[in-house]
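See below for the structure under consideration.
None of these values were measured; they are calculated from a predicted model. Counting starts at 1 for both ligands and their atoms, following the listed order. Residue numbers run from 1 in the order of the sequence given.
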Amino acid sequence: MSVAEDFDPSELPDAYSMPIEELDPSDGRLFEHQKHWAFFERLRKEDPVHLSENEEFGRFWNVTKFKDILAVDTNHQVFSSEPAIVIGDPPEDFTLPMFIAMDPPKHDVQRKIVAPTAAPANLANLEPLIRERVCNILDSLPVGETFNWVDKVSIELTTQMLATLFDFPFEDRRLLTKWSDTATTTDQVGNNYMDEEERKRILWECYDYFVRLWHERENQGEHPKMDFVSLLANNPDTKEMVKDPLEYLGNLILLIVGGNDTTRNSISGGVLALNENPKEYDKLRANPELIPNMVSEIIRWQTPLAHMRRIATQDTELGGKQIKKGDKVVMWYISGNRDESEIDRANEFIIDREKARHHIAFGFGIHRCMGNRVAEMQLKILWEEIMKRFDFVEVVGEPERLMSNFVMGFVDLPVVLHPKK
Ligand code: HEM
């Protein structure tokens, strides 16, 4: 695999300068340079269920409207999640089974085993700890000087949270960030910055680490501790998983990426959105009670996972198009969340929007995000504590974004903090 070369973003195609048949929104660089919006706008208007074909990803349908996405996401009989949920196919010798990429019944069994960790009862127990950590992070930030919000706040907070859900050795927590970033740096999502062999080597390092944790935590009996590894290692349905290295690694990657890249980028995306919409920031200053509503709006606005893909298990029809058995179908959540026919003023960031939870960033159906309450809680606590301390988290430079058609991520977001007077 080649490693990406520098290129000039102005060379990226313009969505309106080509015949509609040629429109293909899957290039990771479009997202990095925010050129994807126009592609989806045009597709929603002119060809909402649109066929693309290219060398990297083959033939695939782009589903761009909210209602069509919902129809696919809630019909797992016709639209299968196996064997993978991103647009590109994994290498044959490195396809990682994980429950997000499984259909029932196996999906349901595995999800049920780990779900209690992210359920409201456990979160209520964790809330004081999360708040304490948020306060520590915010109180240690440099005031009045420029720093990267992504690294010091977004990554630090989500990694701490994830370390808690895994009961992962706290001092080693940045390994989780490294493994998460490695898992999502792949040409399967339009990013070819990492050599595939190097990628595999780092992911096996993750597996080795977690095999140690597994063996330390097995044999806890019927009432294991509430962390992901203890739950998997002690349940009759999954206690042999460690013997299938690809499946154990796959599920680890799912839980690590699920808990990391998503919330992290919503934290950064929220700061940017408020800076770009100063009236909304004023509303927030005047009324911090809006925070829970704003959190949903931030998640819709950012849509940190741009897509999920399915494979049709039979011939079917979608939005007037004939989908053939075996076709790839890509649900572009990032587009559905800007669909004006479903969401009023969808292209505006409005923190007191009515029905703010009516978005599709967490998906729908049997795979609907298992961590949605974890994410909302982290964002809510973070903004409550930010508003107690800072009058303005000011973005002072251009954000640098990730090249990916999957993770809508930030690499750098330079900010300066202005404390409350
Ligand atoms: C803003 C934050 C987050 C967003 C936007 C997000 C988004 C998503 C999406 C789009 C899906 C697939 C839904 C579908 O196919 O219908 C998903 C699944 C999942 N997410 Fe999240 N996620 C977030 C945070 C989290 C967190 C914090 C965790 C872990 C604690 C997590 C764990 C998972 C898991 C395990 C699945 C697979 C569920 C299944 O297949 O049944 N997510 N997430």
Side-chain angles (χ1 to χ4, degrees), residues 63 69-76 79-82 84-86 97-120 122-123 126 130 154 157-168 176 180 184 226-228 231-232 250-270 295-311 329-337 357 359-380 382 406-409:
V63 186
I69 294 170
L70 202 63
V72 174
D73 221 357
T74 52
N75 189 354
H76 61 269
F79 298 103
S80 165
S81 296
E82 296 183 1
I85 47 79
V86 293
M98 52 179 88
F99 68 85
I100 197 172
M102 288 175 190
D103 296 328
K106 205 170 172 188
H107 159 270
D108 306 10
V109 172
Q110 295 196 357
R111 174 174 170 133
K112 203 169 159 205
I113 292 168
V114 285
T117 312
N122 194 43
L123 295 185
L126 290 177
I130 308 298
S154 309
L157 177 59
T158 42
T159 304
Q160 288 191 13
M161 179 76 204
L162 198 58
T164 307
L165 297 179
F166 272 107
D167 194 12
F168 191 83
L176 295 169
S180 184
T184 52
M226 206 31 118
D227 65 90
F228 289 140
L231 289 170
L232 287 171
N251 278 303
L252 290 168
I253 297 299
L254 164 61
L255 296 165
I256 293 173
V257 173
N260 217 0
D261 276 300
T262 50
T263 317
R264 178 208 297 187
N265 293 312
S266 305
I267 292 174
S268 306
V295 162
S296 294
E297 178 67 349
I298 287 175
I299 293 171
R300 178 189 76 90
W301 191 248
Q302 182 61 24
T303 311
L305 297 183
H307 78 264
M308 289 280 156
R309 86 134 199 235
R310 300 292 186 254
I311 302 233
V329 177
V330 178
M331 301 177 282
W332 289 107
Y333 298 130
I334 190 92
S335 172
N337 272 338
R357 284 197 107 232
H359 64 69
I360 204 159
F362 290 126
F364 268 100
I366 61 165
H367 291 282
R368 181 171 166 82
C369 178
M370 194 191 85
N372 69 85
R373 297 289 174 183
V374 180
E376 287 175 347
M377 183 181 88
Q378 281 184 88
L379 283 159
K380 178 177 142 311
L382 176 67
F406 181 60
V407 176
M408 299 296 93

Legend entry - No-hydrogen, no-angle side-chain donor-acceptor test under 3.5 Å, Ser81 and His367: yes

Location of contacts on [X] toward ligand 1, heavy atoms closer than 4.0 Å:
X: Tyr333; result: side chain
X: Asp73; result: side chain
X: His107; result: side chain

Please state which protein non-hydrogen atom is closest to [atom] and give its distance, to 0.1 Å?
atom: atom 11 (C) of ligand 1; result: Met308 CE, 3.9 Å
atom: atom 35 (C) of ligand 1; result: Phe99 CZ, 3.7 Å
atom: atom 30 (C) of ligand 1; result: Leu165 CD1, 3.6 Å
atom: atom 13 (C) of ligand 1; result: His367 O, 3.1 Å
atom: atom 7 (C) of ligand 1; result: Ala361 O, 3.4 Å

Legend entry - Polar contact flag for Gln378 and ligand 1 (N/O pairs, less than 3.5 Å): no

Inset, instruction - Could you tell me whether some N/O pair between Thr263 and ligand 1 is separated by less than 3.5 angstrom? - result: no

Legend entry - Of the listed options Ser266, Ala101, Ala306, Gly365, closest to atom 1 (C) of ligand 1 (non-hydrogen atoms): Ser266

Legend entry - ligand 1 contact by Arg310, heavy-atom criterion under 4.0 angstrom: yes

Inset, instruction - State plainly whether the residues Glu376 and Arg357 are in salt-bridge range, i.e. N to O under 4.0 Å. - result: yes

Inset, instruction - Using a strict cut-off of less than 4.0 Å between a Lys/Arg side-chain nitrogen and an Asp/Glu carboxylate oxygen, indicate whether Arg264 and Asp261 qualify as a salt bridge. - result: yes

Inset, instruction - Could you check if a side-chain atom of Val330 sits within less than 4.5 angstrom of a side-chain atom of His307, using non-hydrogen atoms only? - result: yes

Inset, instruction - Could you please tell me which protein N, O or S atoms lie under 2.8 Å from atom 21 (Fe) of ligand 1? - result: Cys369 SG

Legend entry - Qualifying residues under side chain to side chain contact (heavy atoms under 4.5 Å, CB included), relative to Asp167, sequence neighbours excluded: Arg217, Lys225, Asp227

